[in-house]
Amino acid sequence: LKQMSIEAWIWKREGRSDRERFVRPYRYPLGSDLKERDPNHREDLVIHQSKGIARTVWDSSIVLSKYFEKLYRTRKDTFEGKRCLELGCGCGLVGIVSSMLGATSMLTDLEEAIEIINRNIKEAGVETKSSAMELRWGSSVQDAEPFDIIVATDIMYLENELESLITTMKLSSNANTDIYFAYGRNRSAREKFFAILERENFSVEQIPMDHLDETYRAEDVDVLLIKRIEKKEKKRRGSVAKSKTKSPRVEPHSDDKESE
């Protein structure tokens, strides 16, 4: 990995003890914008964890949450009044931060995760902006209109679930939906994921490293913006690039640009 500052390494959780990753609560450092937005949140956001790979805070969820805070600084309407769906949310960090930034968030996972998600929603004080429900991929939130924002972190390693995952994405979105995926080293199903996205008419853009938070970013964490595209637009807009590494094309999204 390229040389990074101490500040950019100290927040990373990979390699820490099981006690830190599964027993002790994670303390997410709130940025000044969030503290100013809600005077009740003057301290770190406490996220409870528990034993199990799906109920711990991964680096990718921290990177995506901090990226959302940065987006809010440049465009405060990014989340205000929007409807957000988090898939495979685990502890619910990204969905909760989205609610704190103004969105109404639905945090979804398997049944065994719902208790800890509800605990984190309550302790974050976002009960009126966030809710939790069980959702198995392949289906959608019942009677829900397409969401404005869909988020997911570190779920790109379940190769046998990808078809169902992308079905849920399609059922929950339209061409106006911004779908953000972040992933760290748990990316074993990445190439198949990109192939299905291309087949199902999704475009993929990788958020450039220098558009992420200056401290909370890492060489081993990628953030993607995924969009549904109409078939007639596919040739014009392009899709997942077919390169030797099958990586998505790296192209900044207009919302990511810093205000001049």
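Keep in mind it's a predicted model, so treat the numbers as computed, not measured.
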Next on the checklist: Before you tell me yes or no, could you show the steps for Asn174 and Thr177 under side chain to side chain contact (heavy atoms under 4.5 Å, CB included), namely the whole-Å CA-CA distance, both residues' side-chain angles and the distance that decides it to 0.1 Å?
Outcome noted: CA-CA 5 Å; Asn174 58 26; Thr177 304; 3.3 Å; yes
Checklist entry - Given the rule in the side chain to side chain contact (heavy atoms under 4.5 Å, CB included) test, do Lys66 and Val97 qualify, once you have shown the distances and angles that lead to the verdict? => result CA-CA 9 Å; Lys66 283 297 181 182; Val97 169; over 6 Å; no
Item to check | Stepwise side chain to side chain contact (heavy atoms under 4.5 Å, CB included) test for Leu87 and Met169 | outcome: CA-CA 9 Å; Leu87 300 174; Met169 289 166 56; 4.1 Å; yes
Item to check | Trace of the salt bridge (Lys or Arg N to Asp or Glu O under 4.0 Å) decision for Arg37 with Glu69 | outcome: CA-CA 11 Å; Arg37 180 180 173 85; Glu69 288 194 56; over 6 Å; no
Checklist entry - Between Thr78 and Tyr72, does a side chain to side chain contact (heavy atoms under 4.5 Å, CB included) hold up when you go through it step by step? => result CA-CA 6 Å; Thr78 302; Tyr72 177 80; over 6 Å; no
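Put simply, the side chain of Ile96 does not reach to within 4.5 Å of the side chain of Tyr28, judged on heavy atoms. With contacts defined as side-chain heavy-atom distances shorter than 4.5 Å, the pair Trp137/Thr167 does not qualify.
Judged by distance alone, with hydrogens and angles left aside, the side-chain atoms of Thr74 form a donor-acceptor pair with the main-chain N or O of Leu71 at under 3.5 Å. Proximity of a side-chain donor or acceptor of Thr153 to a complementary backbone N or O of Ser60 within less than 3.5 Å is not detected. Proximity of a side-chain donor or acceptor of Arg119 to a complementary backbone N or O of His48 within less than 3.5 Å is not detected. Side-chain atoms of Arg83 come within 3.5 Å of backbone atoms of Pro146 as a donor-acceptor pair (strictly under, hydrogens ignored). With Lys129 contributing its side chain and Gly102 its backbone, the two residues share a donor-acceptor pair below 3.5 Å. A donor-acceptor pair under 3.5 Å is absent between the side-chain atoms of Arg24 and the main chain of Arg21, judged by distance alone. Without hydrogens or angle criteria, Ser140 side chain to Thr168 main chain gives no donor-acceptor distance under 3.5 Å. Remark: side-chain polar atoms of Arg217 are paired, donor with acceptor, to backbone N or O of Met209 under 3.5 angstrom. The backbone N or O of Thr104 lies less than 3.5 Å from no partner atom in the side chain of Lys82, so there is not a single donor-acceptor pair. Side chain of Asn176 to backbone of Asp148: no donor-acceptor contact under 3.5 angstrom is found.
Of all the heavy atoms in Gln49 and Ile116, the pair that sits closest is C-CD1, 3.3 Å. Leu45 and Ala124 get closest at one heavy-atom pair: CD1-CB, 3.6 Å. Listed here is the closest heavy atom pair of Ile166 and Phe202: CG2-CE1, 3.9 Å. Annotation for Cys91 and Ile47: closest pair CB-CG2, 3.5 Å, computed over non-hydrogen atoms. Nearest heavy atom pair, residue Ile121 against residue Ser131, reads CD1-C, 3.9 Å. Asn118 approaches Ala132 most closely through the heavy-atom pair OD1-CB, 3.4 Å.
A tilted orientation is assigned to the rings of Trp11 and Tyr216, their planes being inclined by 30° to 60°.
With rounding to the nearest 0.5 Å, the separation of OH in Tyr67 from OH in Tyr180 is 5.0 Å. Taking CG of Leu224 as the start and CD1 of Ile207 as the end, the distance is 8.0 Å to the nearest 0.5 Å. If you take OG on Ser65 and CE on Met100, they are separated by 10.5 Å, rounding to the nearest 0.5 Å.
Between Asp213 and Lys70 there is no salt bridge, since no side-chain N of the basic residue sits under 4.0 Å from a carboxylate O of the acidic one. A salt bridge does not link Lys76 with Glu80: none of the charged nitrogens is closer than 4.0 Å to a carboxylate oxygen.
Heavy-atom neighbours of Glu115 CD from other residues, nucleotides or ligands within 6.0 Å: at or below the threshold of 12. Atom CZ of Arg136 has 12 or fewer heavy atoms from other residues, nucleotides or ligands within 6.0 Å.
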Which atom pairs, donor and acceptor, lie under 3.5 Å between side-chain atoms of residues 106-114 and protein residues at least two apart or in another chain?
residue, atom, partner, partner atom, Å
Thr108, OG1, Glu86, O, 2.6
Asp109, OD2, Cys89, N, 3.2
Asp109, OD2, Gly90, N, 2.8

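Cluster annotation: Ile155 and Met133 are assigned to the same hydrophobic cluster (Ile/Leu/Val/Met/Phe/Trp/Tyr, side-chain heavy-atom contacts under 4.5 Å, transitive). Note: the hydrophobic cluster containing Leu101 does not contain Val46 (ILVMFWY, side chain heavy atoms under 4.5 Å, direct or indirect links).
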